[in-house]
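Following: one structure in structure tokens, then a few remarks.
Letters A, B, ... mirror the listed sequences (proteins, then strands); counts begin at 1.
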Amino acid sequence: MNLGTLLFYFAKNFNLNFPKNRFDMVENLVIVESPAKAKTIEKFLGKDFLVKSSFGHIRDLEKKDFGIDIKNNFTPKYIVSTDKKKVVTELKKLAKEAKTVWIASDEDREGEAIAWHLFEVLKLKKENTKRIVFHEITKPAILKAIENPRDIDDNLVNAQQARRILDRLVGFEISPVLWKKVKPQLSAGRVQSVSVRLLVEREREIIAFKPEAYYKVVANFFITEENGNQKTLKAEYPKRFATKEEVLQFLESCKNAEYKVSDIEKKPSTRKPAAPFTTSTLQQEASRKLGFSVAQTMAVAQRLYEAGNITYMRTDSVNLADTALAAAKEEITKRHGEEYVKIRKYQTKNKGAQEAHEAIRPTYLNKEVISGESNEIRLYNLIWKRTIASQMSDAKLEKTNIKIAASTNGEEFIATGEMIKFDGFLKVYMESTDDENGKQEETLLPTVKVNDPVTEDFLNATQNFTYRPPRFTEASLVKKLEELGIGRPSTYAPTITTVQNRGYVVKESRDGVERKYEVVNLKENNISEEVKTQITGAEKRKLFPTDIGMVVTDFLNEHFPNVMNYNFTADVEKEFDDIALGKLIWHEMIGKFYNPFHENVEKTLEHSERSTGERILGEDPKTGKVILVRIGRYGPMAQLGETPEDKEAEAPKFASLRPGQHLETITLEEAIDLFKLPRDLGLYEDKKVVVAIGRFGPYVRHDGKFASLKKDIDDPMEIDLPRAIELIEEKRKKDREKFIKAFDEDPDLQILNGRWGPYISYKKENFRLAKDIEDPKALSFEDCMKIIKEGPKKKTTKKAASKKTTAKKTVTKKKTTTTKKKTTTTKKAKK
DNA sequence: CAGTGAGCGAGCTTCCGCTTGACTT
């Protein structure tokens, strides 16, 4: 070790641990939940306080035997989570040395439980342990908290234990029922199952929806203002027509009409700014305005939080600290003037809210722009605007209706416009809506008086269709869950991931379909008709329930209606509140739920049928055999012929459903088509060419080799022999190019061309070539062996882990997808 | 990488909430 490294080593340790851990005994140890919070608080408290974090919960129920002694008043068995052992050891040591331990976990049910677990696990003593709480990370709030310590609230802790145990019981008792009755590896839970139910019910409403046509009439007028300016005025006829006959009749009655302004109405109105962000509203707005997924929003917000730019991002509170209110007032006054300031205290409307934190806001409101990655800048900007706007004056608007009457039939058209009299908060921020069609635009109306004449330009009646209920986006599902009081800020994003991982839900974009609509015009007393086309039903990044999601939901609805009830969470929350108040004993509450629940589980296991979502579509016209669809071992499938009782009989034929086909909507004709494959196309080079659909989509097979059909270009039902030969030849060419070099020294060693460029293949392991290698053909045998030896060491352990039995295949698959996700986030972080 | 859908049985899966840390096909 040279002098430089020694000095560095010394300096590093001196700064971090030296004064507090080694020489001076720690006077005060403060434990919070989040490390970023610890850093901030340490600054406020000064030298006598060491602030550490528990990284959330440190213990959880054991997984074996539910971690609950059911027969013994549901006594929980907790164990320190493996990833928390290190933290616990460190905290234990520090707590032993400290004179006073301050437990400053959040002031809510979970926070109180964390405090209690810490007390138990760290073997703290009552005399020198103090429980403190604060809702905002400001110096006055922290100092005030230190002055007002209290004891751990056992009732609140019990409420949390009841919550935890209930969730474990529900999840771990119902999931195994699904493994037996539907499919292994499935899951059910108080939150996830209801989330899927929302999607399933909405999907069925959409399937059942029949659009109804109606006609809307719009008129375009010319008008000359007093100063001589000619303006156009667009007005709508307030009534809708159901049929074209009525439209024609109405337009006929408008022929030769003269028009004049018959009435002007002016209505003042005000608009208020939206409350500061909570987790759920941030996710919604970031989705609407920035196109973020909820997970993405949380990841970006986490980075902003860790950099000290915003307050905590998992919160259900709309409250702002007084210091923030004062800063907002100052900022707004400075930027826009005093008349734009209106300090407001918002109150949460959500019943389940626990409000342990502040709303999400910039730490320093005078910082309008931060430095960082582009998504961080954008999200911060959104938070800054929303926070500032929340403390600004109402916008004052004036809504104007101008009515225009036709001389022939006395009917009136209405032109509406909105004028902003005072912009107020609109100067900074405008909340978006989920409404897909209703994009309103500010329209400025011309200046007119009653009885002013107007001239007709044209009238047109456009055929419209009633719109089906919208599908959920991630963010709108979160909004709905929050309204129902289901889930917490820390679980919204993970819940959406879970239901997708279980295969209950997919997030997809789907193309719309063309639809024709009619337009009837009246211009210069001539009625003409035209037919136009529009695209309808297109979806962008929406959540769709899968067939398995639907089957599981139906099964759970039938057998566990109590848990699937949208009010279940709200109802048990009331009881948790009573436990927290000391009015109810937690294990009695759990017992009351559990006994009938468990009986139901047993009954279901014993008596209920296996659930496959089977639907009989009809008969195959060729063979007369039944055609049905159901969920099979490998997913949704169609079956031709009964499952035979005795083994002598002819076995049924099977075919997987194609992407986009669903158990509930597939027609008999579509199912019959599925059995038209495999198709024999003929001979090529004296060998059969067959087209079929496999696990990876449609393909042609020839001479033992496979070539995929081109997506969106080739149709397995239509493809002919010449095209198939084209694909086979293309595949052959690709295979030839794949091979770069082999070696006489060792036949196991090859250089190949892959999807990610050239790579070395050696005994079934692949090694990437460094980017600076220009000509892989020039590599010698020794060069390759060197690359193999220097290849990533960790990889071997990874490989070993994934080389388990085939039964584990799905598990390893899941693992690789999560690691993929992780790498993309780290990549982003680096940028 | 490519036509699976039977049945047996071992051993596994699974919940919600609180936090952050990770390593390459």
Worksheet entry | Full working for ring-ring contact (aromatic ring centres under 6.0 Å, His included) between Phe74(A) and Phe66(A) | CA-CA 10 Å; Phe74(A) 304 93; Phe66(A) 289 31; over 10 Å; no

Discussion item. Whole angstroms only, please: what is the NE2-P distance between His57(A) and dC18(B)?
Written reply: 7 Å

Practice prompt. Report yes if a side-chain nitrogen or oxygen of Arg303(A) is closer than 4.0 Å to either non-bridging phosphate oxygen (OP1 or OP2) of dT20(B); otherwise report no.
Written response: no

Worksheet item: Counting any heavy atom closer than 4.0 Å, what does Ser708(A) reach on the DNA or RNA strands: base, sugar-phosphate only, or nothing?
Response: base

Worksheet entry | Presence of Arg502(A) side-chain N/O under 4.0 Å of dC15(B) phosphate oxygens OP1/OP2 | yes

Worksheet entry | Whole-Å gap separating P (dT4(B)) and CE (Met637(A)) | 10 Å

Practice prompt. Test the Arg502(A)-Tyr504(A) pair against the cation-pi criterion, namely NZ or CZ under 6.0 angstrom from the six-membered ring centroid and within 45° of the ring axis.
Written response: no

Worksheet item: Is any side-chain heavy atom of Arg314(A) less than 4.5 Å from a side-chain heavy atom of Met298(A)?
Response: yes

Worksheet item: What distance, rounded to whole Å, do you find between the two C1' atoms, one in dT13(B) and one in dG9(B)?
Response: 16 Å

Discussion item. Suppose we screen for side chain to side chain donor-acceptor pair (under 3.5 Å). Which residues come up paired with His135(A), at least two apart in sequence or across chains?
Written reply: Glu107(A)

Practice prompt. Tell me whether Trp179(A) is stacked on the nucleobase of dT13(B), counting only the six-membered base ring and applying the 5.5 Å and 30° thresholds.
Written response: yes

Worksheet item: Mind checking what makes side chain to side chain donor-acceptor pair (under 3.5 Å) contact with Asn350(A), not counting sequence neighbours?
Response: Glu482(A)

Worksheet entry | Presence of Thr498(A) side-chain N/O under 4.0 Å of dC15(B) phosphate oxygens OP1/OP2 | no

Practice prompt. Give, ordered by number, those residues of residues 485-492 of chain A having at least one heavy-atom distance below 4.0 Å to an atom of DNA chain B; if nothing qualifies, reply none.
Written response: Gly487(A), Arg488(A), Ser490(A), Thr491(A)

Worksheet item: Can you check the Arg190(A) CZ to dG17(B) P distance for me, whole Å?
Response: 4 Å

Worksheet item: Counting only heavy atoms not in Glu642(A), do more than 12 fall under 6.0 Å of its CD?
Response: no

Item to complete: Find the distance Lys77(A):NZ to dC15(B):C1' and express it as a whole number of Å.
Response: 17 Å

Practice prompt. Could you say whether the aromatic ring of Phe55(A) and the base of dT19(B) stack, counting only centre distances under 5.5 Å and plane angles under 30°?
Written response: no

Discussion item. Taking any heavy-atom pair under 4.0 Å as a contact, classify Gly67(A): base, sugar-phosphate, or nothing.
Written reply: nothing

Practice prompt. Might you confirm whether atom NZ of Lys688(A) has over 12 heavy atoms from other residues, nucleotides or ligands at distances under 6.0 Å?
Written response: no

Worksheet item: Could you give the CD-to-P distance, from Glu173(A) to dT13(B), as a whole number of Å?
Response: 17 Å

Worksheet item: For Tyr699(A) and dT4(B), what is the distance between atoms OH and P respectively, to the nearest whole Å?
Response: 9 Å

Worksheet item: Can you check the Arg633(A) CZ to dC8(B) C1' distance for me, whole Å?
Response: 12 Å

Worksheet item: Stems in DNA chain B: runs of 3 or more consecutive Watson-Crick or G-U pairs, distances under 3.5 Å?
Response: none

Item to complete: Go through dT14(B), dT4(B), dT20(B) for me and flag the one nearest to the Tyr634(A) side chain.
Response: dT4(B)

Fill in: side-chain contact (heavy atoms from CB on, under 4.5 Å) against Pro652(A), all qualifying residues, sequence neighbours excluded
Gln639(A), Pro644(A), Phe654(A)

Fill in: Atom-to-atom span, CD1 of Ile693(A) to C1' of dG3(B) - whole angstrom
11 Å

Worksheet item: Taking OP1 and OP2 of dC12(B), is either one under 4.0 Å from a side-chain nitrogen or oxygen of Gln185(A)?
Response: no

Worksheet item: Does the side chain of Arg164(A) get closer than 4.0 angstrom to OP1 or OP2 of dC15(B) through an N or O atom?
Response: no

Worksheet entry | Sugar-phosphate only, base, or nothing, as touched by Val191(A) at under 4.0 Å among non-hydrogen atoms | sugar-phosphate

Fill in: Contact under 4.0 Å: Gln160(A) side-chain N or O vs dG17(B) OP1/OP2
no

Item to complete: For the residue pair Val170(A) and Phe593(A), establish whether any side-chain heavy-atom pair is separated by less than 4.5 Å.
Response: yes

Determine all donor-acceptor pairs shorter than 3.5 Å in which one atom belongs to a side chain in residues 156-164 of chain A; sequence neighbours excluded.
unit_1, atom_1, unit_2, atom_2, d
Asn158(A), OD1, Gln161(A), NE2, 3.3
Asn158(A), ND2, Asp154(A), O, 3.4
Gln160(A), NE2, Glu110(A), OE1, 2.9
Gln161(A), OE1, Tyr78(A), OH, 2.5
Arg163(A), NE, Glu110(A), OE2, 3.1
Arg163(A), NH1, Asp167(A), OD2, 2.8
Arg163(A), NH2, Glu110(A), OE1, 3.4
Arg163(A), NH2, Glu110(A), OE2, 2.9
Arg164(A), NE, Asp60(A), OD1, 2.8
Arg164(A), NH2, Asp60(A), OD1, 3.3
Arg164(A), NH2, Asp60(A), OD2, 3.3

